[in-house]
Amino acid sequence: MSSAPSSPSSAPVIAELEAIVGADKVRCDEDTLFSHGRDWTKAWEPAPLAVVFPRSAEEVQAIVKLAKRESLAIVPSGGRTGLSGGAVAAQGELVVSFDYMNKISDFDPIDRTVQCQAGVITEQLQHYAEEQGLYYPVDFASAGSSQIGGNISTNAGGIKVLRWGMTRDWVAGLKVVTGNGDLLELNRGLLKNNAGYDLRQLFIGAEGTLGLIVEATMQLTRPPKNLTAFVLGVENFDGIMNLFNRFQAEMDLTAFEFFSEQALQKVVAHSGLPRPFESACPYYALLEFEKLNDEVEEQAMALFESCVEEGWVLDGVMSQSLEQLNNLWRLREDISETISQWTPYKNDISTVISKVPGFLQDVEELVTAEYPSFEIIWFGHIGDGNLHLNILKPDDLDKAEFFAQCSKVSVAVFDIVKRYGGSVSAEHGVGLLKKDYLTYSRSAEEVALMRQVKQVFDPAGIMNPGKIFD
Ligand SMILES: O=C(O)CC[C@@H](O)C(=O)O
Ligand SMILES: [Zn+2]
C-alpha cells in the first residue's frame, strides 16, 4: 500500500478545506487515502493528497474555487466501482467524495422525476422508485455501491440497455460545478427544451473532466410486469445472433445477454448456484421479457421451439418464479466479481448489432491465436453489440508482464474495432485505462474538439486531469 500523506507545504490547503467542510470531513489517513484514491481497477497505486467530503453544492463550489487558486487537481469519487481508472488519484490529487451527499428529494408523481444528490446509491434510487410504484431501469451488478453522480459521469449502461437505454436517457436535469467553481442548473427536468445547446449532455459521460455533478433530476417510468427469463444453451456465436434476431423480430425483449461455459463454471464454483440445466453448452444466452399474459408465454415458447428446430439452441430453461429469475440473472451478473480474483485484463468493445457476427469472428480468431496460453472469458450485452472480453492472468505470471503482453494484443483488437466502426469503450469509459486507444474510436478532429470543450469548462485544467486524454 502506498499513499501520499499531506506534507507540511500542503498544511495551509488542508486547513482551508477544513474551514469549508469541517475538520471531520477532510481525511488524510492512510486507509481513507487508499480506499478513496482508486476504483475497481487495481492497476494504479492510489496516492491522493487528501479526501474531502462536502455536504452541499455550495461546499463543492468553495472546494473547486480553492483548488483552482492553488492549481490543485481534483478527482471526483462516487462508489468507485469504475473499471477504467476514471476515479484513480495516483498523483497527489484532492479526492472529492460524494458519500455524504446522498439525499433523495422532491419526487413529482406527475413528471415522474426525482432529485438525487450525486452520492445517492443506484439501489437507493431503485428502491425509492419502487416505493412510488415506479421503476428506475438502469441496472448492473454494482448497483449496491455505485453512485448516481458516477453513473452519470460514466453514462453507465448495464443489463437493461436493450430496452431502456443508458443512464443518459434518464437524466432530466443536472446541477454541476464547473472547473471555475460556477454552479450551473442544466435543463431543469424539461422534456422539451430547444433553447440553445443542451449542455447537460456534455457532462454525461465526461468522467468528471468538465466539472463535478452535484445533483441530478432523474426520470422514472412504469415498472415492467412479470419479468421472465430464458437461459438457452447455444453452440456458437452465429447461433446466438440467429436467436437474437428471431426473438427480437417478434417480441420486445428487456435484455439479451450472453456468457461462455467457462464463465458459467467459474460462477457456479464461486457462488454454489445451480447450473441452468445439466448439459454443458459452449455459450449461453439470457433473454428476458415481460410475460404479460398466457399468449406472450405461448409465443415465447413457440419461438424457443423454432430455435431448437433450427439447431441454434441445444437446451434451455425458463424461469417460473422470481427466485428462479434472480438465480438465472446471477449466472450472468456474478461473472465480473467472480473473475476479479484472476486480475483480468478487460476489454469492453462494441459495434452496431448488424456487424456483430463478423466482428465476433474476427476478434475470436485473433485472441485465440494471440493468447494460446491464457484463459479467455467471453460475456456481455450482446443485444447491445457490446462484448466483455476478459483475459485471465495465469497465477505464475507477473502482473506487469501480463498487462504488457495483453496491451500488445489489444492494439490488434482495437484495429478490428476501428475497422468495424466500433468503440474501444462501450460502457466503462476511458479513464486512464483506455486513453491511449481513444483514437481508434474517435477522429483526431473529435479529440481536438473535446480538448477545446474541456478548456471552456475547466480553463485551469484541474478537473480530473489525465483522464480520457492527456
Ligand atoms: O467486468 C467486466 O468486464 C464487465 C463488468 C460489467 O460491465 C458487466 O457487464 O458485468
Ligand atoms: Zn457490462
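Just follow the structure's listing: the first ligand is 1, and inside any ligand the first atom is 1. What you see is a predicted model; the values in this text were computed from it and never measured.
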Self-check item: Cation-pi check, Lys346 onto Trp40 ring (under 6.0 Å, within 45° of axis)
Solution: no
Exercise. Locate the shortest heavy-atom distance separating Tyr135 from Lys160; write the atom from each residue and the value.
Key: OH-NZ, 4.1 Å
Quiz prompt | Near-ring test Tyr136/Tyr128, centroid separation under 6.0 angstrom | solution = no
Practice problem: Note the single closest protein heavy atom to atom 7 (O) of ligand 1, along with its residue, its atom name and the distance in Å. | Solution: His428 NE2, 2.8 Å
Self-check item: Of the N, O or S atoms in His381, the one nearest the Zn ion (ligand 2)
Solution: NE2
Practice problem: Could you pull out the closest heavy-atom pair between Lys266 and Thr338, with the gap in Å? | Solution: O-CG2, 3.4 Å
Quiz item: What N/O/S atom of Glu427 gets nearest to the Zn ion (ligand 2)?
Solution: OE2
Quiz item: Does some non-hydrogen atom of Phe379 fall short of 4.0 Å from ligand 1?
Solution: yes
Quiz prompt | Per atom 5 (C) of ligand 1, closest listed option by heavy atom (Ser142, Ser336, Gly158, Pro344) | solution = Ser336
Exercise. Please step through side chain to side chain contact (heavy atoms under 4.5 Å, CB included) for the pair Tyr437 and Val430, ending with a clear verdict.
Key: CA-CA 9 Å; Tyr437 310 108; Val430 178; over 6 Å; no
Quiz item: Is the distance from the Zn ion (ligand 2) to the nearest N/O/S atom of Asp348 under 2.8 Å?
Solution: no
Exercise. Please say whether His381 places an N or O atom under 3.5 Å from an N or O atom belonging to ligand 1.
Key: yes
Practice problem: Begin with the C-alpha distance, continue with both residues' side-chain angles, and end with the deciding distance and a verdict on side chain to side chain contact (heavy atoms under 4.5 Å, CB included) for Phe98 and Asn102. | Solution: CA-CA 7 Å; Phe98 291 89; Asn102 57 3; over 6 Å; no
Self-check item: Protein residue, atom and distance nearest to atom 9 (O) of ligand 1, heavy-atom basis
Solution: Arg332 NH2, 2.7 Å
Exercise. Provide, to 0.1 Å, the distance between atom 3 (O) of ligand 1 and the closest protein heavy atom, together with that atom's residue and name.
Key: Asn390 ND2, 3.0 Å
Quiz item: Is Glu427 touching ligand 1 with its side chain, its backbone, both, or neither, if touching means heavy atoms under 4.0 Å apart?
Solution: side chain
Quiz item: In the protein, what heavy atom is nearest to atom 2 (C) of ligand 1, and what distance, to one decimal place, separates them?
Solution: Lys346 NZ, 3.3 Å
Quiz item: Taking the six-membered ring for Trp, are Phe230 and Phe304 ring centroids under 6.0 Å apart?
Solution: yes
